[in-house]
Structures are given as C-alpha cells and as structure tokens.
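Shown next, in structure tokens, is the structure this report addresses.
Note that the structure is a prediction, hence the values are computed from the model and not measured. Lettering of chains follows the sequences in order, A, B, ..., and the numbering in each one begins at 1.
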Amino acid sequence: MYITAASTISHQPTFRNKGFAAGLTVLARPSALLHPDYKSFIPAMNRRRMSDVLAMAMACSVDCLEQCGVAQPDAILVGTSMGSNFFTKTFLDKIANASGPMISPTAFILSTHNTIAGQISLFLENPNYNMTHTQNSLSFEQALLDGMFCLQNGDHHVLVGAADESEDVLYNLNARLKTMDAHATCGASFFVLSAEKSAASPPVRLVDVGSFGLIGDDLSPYVLEFLQVNQLTPDQIDLVLYAGTKPATENALRRMFAGPVLLDYQVFSGVYYTNPAFALHYAVDLLTGERPPPVGNILICNNLIPENLGLLLIDTENARHGTLD
Amino acid sequence: MKIYVTGIGVVSAIGSNVDEHRYALEAGRTGIRFSESHNLMLGEVPQSDEALAKRFELSGDDHSRTALLGLAAASECWAGNKPDGQLRTGLISATSVGGLDRMERYYLQAKQNPSLDIHPLMIHDNGRTTETIARALGITGSYIGTVSTACSSGANAIMLGARQIESGRLDRVLVGGSDPIALFNIKGFSSLMIYDPDICKPFDDARKGLNLGEGAAFLLLENERSLSQTGNTPLCLLAGWANATDAYHQTASSPEGRGATLTMRGALAKAGISPEVVSYVNAHGTGTDNNDLSESAALKNVFGAAIPPFSSTKGFTGHTLAAAGAIEAVFCVLSILSDATLPNLNFKTAMKETGFVPETAFRKGSQIENVLSNSFGFGGNCTSLLFQKLH
C-alpha cells in the first residue's frame, strides 16, 4: 500500500511546503504552533467553533484529499493521545464555575476523543468506517494499522491521521512528567493510504506497522523480529528516525544498527505523543523531494514511553534492501 | 475464518460476575437506583474503588475506576487462561472516561488549591487504564490498544479484535470496554437534558431519556490455532461486524437511522446471512426520544415488516457508555447460550410512530441462532456486531 498524500501542521514550516524536510532546522525553544490561514480549508464560521486540534486536523484532512484528488475516503482513522482536551477542560471549568443546574452542553458534546474523526466525517458528509485510537504514544501506529486492515479488506483510499493539542495546561503537565526536559509541542499530520500508487514519483510504500505495549526494558528483540517478518536485516535499513528517552533508546539502536544513519526526529518535532506521524511525513517528504537522498528503507522507531514501542517501515519501490538502483 | 468467543466477564449495577448477570436478566431485576448524592437515577456498581484495588492488590489512589472495573471483568473473562509464547495474544479495551474520574477530582480541587500534587494527571490518558489491565493479567509485549468512540467504543473494541485476528496478526485477543460514572458525564448528560428523572423506558411512547450506569465487560476471542492450543470450549461465534457513520449531527441520530441501517446490513453481509434468520436484536435503546425513534427507523429499513424480537437492556444497567457495547455483547452470548430473548424493562405503550413492541420477558422458546447487537455514539459513530450459535 502507498502513501499518496501527506499534510502536517506543526511548530515547523511543514504545511503545504513540499520539500520542507531538506531544509528543516532544529526547533528553537520556545517555539509556537505555525497556524496556516485556515480560510482556504475551513469556512470561517466553522473555524470559530473549533479548538486548535480540530482546526489542524480538518485543514490537514482537506489538504490531503485535495493532493490526491479523493473526494470521499473509504475510511477515516484518527490517533490521538489526549483527544479533545481543550473542550474537556472547558467543560470542567463550566462545572467548577456553575452557579445553577444549567450548563451549556457545547463543550461536553465536543469533548469525546472521537470528536476529531467525527467532525471530519460530518464536514465531508462521509458515512464510512470511522475510528479513533487512543493508546497514548502508540495512538498513531494503531490508527495506521487499522487503515492497513481497511485496505486489506478492499478499501481503495483511507484517510489516516494523528492530532494532539498542547496549549492546554493538563497536557503540558502530563508531558513534562513523562520526560522532564522535553520540549512539549503539538501538531497534526494526516495521510491518504491507497491500495494503488499515484502518479507522484517516486511512490512511497507503507510496508508495515508494529505496535507493542509493555515491552519491558529491551526493545531490540521486537525491532529485530519486526525486520525479520519483513525479510530485512538491520544493515538493509538506510535511515532510522527515532524518539526515545536518551540514552537508553539511542544506545539500544546503535547496538543493532551499525550502518544506518540514526536521527532523533524530536529535535525537529518537539515532544507530543503522536509525533511519529510528524516523522512519517518527514520521511515521505525526504523520499519525494526534489533531490531525494540515497535512502531506500526508512524505519521510524517510537520509544517515547519506555515501555511502549511503535515501528513504521516505509520504502520506495526503486530502492529495496539497501541496494539503491 | 471463524472467530470464536471462548470467555466472558462482566460487572455492572446488576452483578459482579456472569452468573449474577444471568440471574438478574432472568428475574428482570434492575440495578438502577436513586442516588442521594447525585439526586439522580444511576446504575452504580456497589464495590468501592478501595475494595476493587484491594482485590487486585493495586496500591493507593493510582488507578482510575476505569482500570479497576475493567480488571474485574477482564480477570473473570481471562480466568483459566495464561500467557503462552506460542500464541500471539493482545488486549483491546474501550473507554470514554479513561483516567478522567481521577483527573476531574484533582482539577476541581486544584482550582481552590494550586499547590496540589500533580501526580494524578499521569493517569489521565485512556491508554494507561488499558495498560493497567494488561499488566495485571500478564498480557505484555504485544498489541495493547484502546479505542474511544464515545458510546459505541465497547462494540468497536470487539470489532477491532476480530479484525486483528482476521488479519493474521493475533491468535487470541481479550476485547471489551470499561467506564465508571464520572462527574464530567453526570453533568454532561444533564446539560443535554436527556435524563429520565425516573427509571428509563426504552422504546416506550412515554420515554423521557436515559439513566447513566457504569461497568465493564470483556470477551476472549480466539482463532482455530489458538483453540487447539488452549483447549477452550467455544461459547459461540462472532460472525459479523460493521462500523459506519451517521454523518448527520455530532450528538443526534438521523431521523431515518442512516448509520444504524448501514451497520446492521453490514454485519449481516459480513456474516453472510439474510435478515430473516436473525433471532434477536439487542438494541442500543438508550430511552431517549431521538435514539429510540432513529433506531426503530433503522430496524424497519433492515427488516421491513418482519421485525425480529428485540429489546434494550439499558433498563437493567443504565447506559454504561463505552462499556455498553461490551456488556451487551456478553448479554448476546448469554441469550444464545440460554436460547432466550432478554427483557426490555419498563415498557408499557408502543411508540405511536412505529407501534413496535419489544420483548418484555426472559422468554425461552425457539433456538437463538443469530443475535445482532447495536451500539451508537457521539460523532454519529455506529457499530453492529453479529453473534452466532455454534453447531
């Protein structure tokens, strides 16, 4: 299956900026979310009622569908660690400040984790399969895997994305507790997964996705088995994009991957639980840029929470197994 | 490929295990009571957090009630099974509350006292509650996932488990859902003004709304390979499933029951059966004006004039949100095992728009072969599951 569209709103100039990966610099601290002008994607009246996470997800979705000329995806899948946090907090504030029994329901009805996927469906008037995965740092991988199932079951194009917001105090505190020196950011990335390749060259294949929870303290056996299932050895991987708790993750990967370039993608994305989606767009952009580097197989290794491991494997068809044609 | 249901576990206002649920369903005994503290009819699970934490030897205030209720149901379902390196075993849970029950307490207190310990925030994410259940059962190093699609979540976790097995990635998977009663939801459904001040009356012309409930349920799904290793006795098959979106409104269902029609038809198509052979439908039937009318329209779309026996069991448990689809899936399995339709409590008068009369008794009679279970949630999220007797 192929990645036929990608769109990201983040703290970096990623949105509608093909080729961004080549010029990306380490994210400065502090940094801010780079909101696009939403008017071209969302009617202004709708935008006013949306939280940032909804606006980001909606704009990325519309952008993706435009890129590949798909009007209605066969499925909409979203991974989000914290869901509709802004409206959750808003409604808690309403509970705290209520003087009588009457509270406006608006924040409540937009507070569920599936508000993002549901609102995309409503916006597109799309009646198809609609799913929301919320497994903290593995939310995106689980949505992507579900998208692979959809294609295996006969769907042609599915919209898969990840979105998390961080301006909210709860999420910031939570992220800080997990990785004390982390640069907490946020973002949304959406993709179209298609059964057939598009005209875009070179086509980027999504080869496999792995989601492993409660792995203990050694990720190596999981990574090696994942590669083996896909008939690859570590030396056939050209680039490993990783996120983890230094130095444990990096050390484990260095022991396994002698040859390939190891890159901590969080220096670009900052820390949020669904940032593997940022890494995926970064990788797709590298492979489809003006002057793609001599890279065939890319592994994205998400060890954001030490006990959890997400693995994404992508390649270009003309560059299999580390020997570039 | 056949997906076997080989284990069930459930906790709700009507019982703390499968047997207690069977007795309550048979006796028509509701678990919904008036809560003095909330001034509201609620389907509360009597066990306290402390009692549940003690039972599972979990310490302190670290665990949300979502995880504790989930563990009560999951451990009953998993009993007698053990981790096995030869079998790829996963766990997929559903929740809408996650750690919000703990977090809301902290958040509301912190408004008064900003120097409070921020530790309770660490259990806010949904995934954490699922991990607590998985860790306690020894299911580690594999697919441990959470889906959250509001009130259809439980059914979606079951469906996703079936899809995992079908894809060949898992041999067996524990699937279900858990939601405690959180202040957030008490106030939320109150703001929507959809409570019945008395006990709920699904599909009744005088229905006024829903009652909130809490609970959890899990099912163990296995493929043939797993069965041959575990030697478990299958209870029935999970033969069909479908998810679709109403694409009508964030919280209201379309008058013509678009999404529900798509999912019931989809689940029947997946199972390869025609509507005439459906023995019983366990409806979503929340007791709200909107849901029951929309769901009735969908039943009419799918079954025409020959509506099969149907009922809503929300009058027993209340609406348990993300757990509902899982709890009602366990009820469907019990319906098949007992060859009985389940009663719709508090029904008196048919809705004037439809004239539909649900099952009002635990009725044994004809064989229960195929049972449909409906779950619908915010975001227009609709799911139907089809359970089938094993011959």
Side-chain angles (χ1 to χ4, degrees), chain A residues 76 80-83 88-89 91-96 98 101-105 108-115 117-119 121-122 124-139 142 145-146 148-149 152-153 170 173-174 177-178 211-216 222 273 307-308, chain B residues 91 95-96 98 100 103-104 107-108 111 118-119 121-122 124-128 130-131 134-135 139-150 153 156 160 163-164 166-167 169 183-184 187-193 242-251 258-259 262 377-381:
Chain A
I76 296 169
T80 175
S81 69
M82 302 302 281
T88 303
K89 185 170 130 330
F91 194 68
L92 279 173
D93 287 338
K94 286 192 184 299
I95 294 174
M102 296 306 291
I103 306 179
S104 159
F108 177 66
I109 68 177
L110 294 171
S111 73
T112 58
H113 281 76
N114 69 325
T115 300
Q119 288 284 312
S121 147
L122 265 177
L124 300 175
E125 296 182 19
N126 183 297
N128 298 328
Y129 185 89
N130 193 282
M131 200 53 58
T132 300
H133 297 263
T134 65
Q135 190 60 38
N136 48 53
S137 63
L138 298 174
S139 306
Q142 297 194 351
L145 195 52
D146 199 356
M148 290 179 80
F149 295 160
Q152 284 161 2
N153 292 331
L170 298 172
L173 283 172
N174 199 2
L177 284 162
K178 283 278 164 54
S211 169
F212 307 94
L214 306 180
I215 60 166
Y222 294 92
Y273 280 160
E307 273 198 301
N308 289 343
Chain B
L91 188 148
T95 182
S96 69
L100 184 61
M103 196 277 281
E104 69 184 10
Y107 189 79
L108 296 173
K111 291 219 144 235
I118 53 178
H119 185 246
L121 288 183
M122 291 188 65
H124 174 39
D125 84 76
N126 288 347
R128 183 61 66 94
T130 303
E131 286 163 6
R135 188 180 284 113
I139 298 173
T140 59
S142 63
Y143 191 93
I144 294 164
T146 308
V147 294
S148 193
T149 59
S153 305
N156 282 332
L160 185 64
R163 286 156 57 82
Q164 287 274 357
E166 201 181 43
S167 78
R169 286 185 181 245
L183 182 68
F184 188 89
K187 297 290 185 188
F189 287 99
S190 162
S191 75
L192 286 169
M193 295 188 284
N243 169 275
T245 316
D246 208 32
Y248 172 74
H249 184 267
Q250 172 69 10
T251 53
R258 249 188 315 208
L262 285 171
F378 281 10
N381 202 279

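Contact count against chain A (heavy-atom pairs under 4.5 Å) is highest for B/Asn156 among B/Ile139, B/Thr95, B/Leu183, B/Asn156. Most heavy-atom pairs under 4.5 Å with chain B: of the set A/Met148, A/Glu307, A/Glu125, A/Lys94, this distinction falls to A/Glu307. Most heavy-atom pairs under 4.5 Å with chain A: of the set B/Ala244, B/Gly145, B/Ser167, B/Ala134, this distinction falls to B/Gly145. Per-residue heavy-atom pair counts under 4.5 Å with chain B were compared for A/Leu145, A/Ile95, A/Ile109, A/Thr115, and the maximum is reached by A/Ile109. Contact count versus chain B (heavy atoms, under 4.5 Å) is highest, among A/Ser139, A/Gly83, A/Ser211, for A/Ser211. Between chain B and the options A/Asn114, A/Leu110, A/Ile76, the largest number of non-hydrogen pairs under 4.5 Å is found for A/Asn114. For the options A/Leu124, A/Thr80, A/Asp93, heavy-atom pairs under 4.5 Å to chain B are most numerous at A/Asp93. Annotation: maximal heavy-atom pairing with chain A below 4.5 Å, among B/Met193, B/Glu131, B/His249, occurs at B/Glu131.
For A/Ser111, the part sitting under 4.5 Å from any heavy atom of chain B is the side chain, from C-beta outward, and nothing else. Only the backbone of B/Ser142 comes within contact range of chain A, with at least one heavy atom under 4.5 Å from a heavy atom of that chain. When heavy atoms are compared at a cutoff of 4.5 Å, B/Asn381 approaches chain A solely by way of its side chain, counted from C-beta outward. For B/Leu108, the part lying near chain A is the side chain, with the backbone staying farther off; criterion is any non-hydrogen pair under 4.5 Å. Heavy atoms closer than 4.5 Å to chain B are found in the side chain of A/Gln152, but not in its backbone. Looking at A/Asn128, the atoms closer than 4.5 Å to chain B (heavy atoms on both sides) all sit in the backbone: N, CA, C or O. For a residue to count as touching a neighbouring chain, one of its non-hydrogen atoms must lie under 4.5 Å from one of that chain's; by this rule B/Arg258 does not touch chain A. Of the two parts of A/Tyr222, only the side chain, counted from C-beta on, holds a non-hydrogen atom closer than 4.5 Å to a non-hydrogen atom of chain B. Of the two parts of B/Leu91, neither the backbone nor the side chain holds a non-hydrogen atom closer than 4.5 Å to a non-hydrogen atom of chain A. Looking at B/Glu166, only its side chain comes within 4.5 Å of chain A, counting heavy atoms on both sides. If you measure heavy-atom distances from A/Asn126 to chain B, the contacts under 4.5 Å come from the backbone alone. For B/Phe189, the parts lying near chain A are the backbone and the side chain together; criterion is any non-hydrogen pair under 4.5 Å. Using a 4.5 Å cut-off between heavy atoms, B/Ser96 touches chain A through its backbone atoms (N, CA, C, O) alone.
Atom OH of residue A/Tyr129 and atom CG of residue B/Leu262 lie 15.0 Å apart, to the nearest 0.5 angstrom. Here the CG atom belonging to A/Asn130 is positioned 11.5 Å from the CG atom belonging to B/Asp246, to the nearest 0.5 angstrom. Taking CD of B/Glu104 as the start and NZ of A/Lys89 as the end, the distance is 15.5 Å to the nearest 0.5 Å.
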- Query: Between A/Thr134 and B/Asp125, does a side-chain contact (heavy atoms from CB on, under 4.5 Å) hold up when you go through it step by step?
  - Reply: CA-CA 8 Å; A/Thr134 65; B/Asp125 84 76; over 6 Å; no
- Item | Worked verdict on B/Leu160 versus A/His133 for side-chain contact (heavy atoms from CB on, under 4.5 Å) | CA-CA 10 Å; B/Leu160 185 64; A/His133 297 263; 3.6 Å; yes
- Task: Give the C-alpha distance, both sets of side-chain angles, the deciding distance and a yes or no for side-chain contact (heavy atoms from CB on, under 4.5 Å) between B/Gln250 and A/Thr112.
- Result: CA-CA 10 Å; B/Gln250 172 69 10; A/Thr112 58; 4.2 Å; yes
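Between B/Phe184 and A/Phe108, the angle of the ring planes lies from 30° to 60°, which puts this pair in the tilted group.
For the pair B/Ser191 and A/Ile103, the tightest heavy-atom approach, listed with the atom from each and the gap, is CB-O, 3.1 Å. The two residues A/Leu214 and B/Thr140 make their nearest non-hydrogen contact at O-CB, 3.4 Å.
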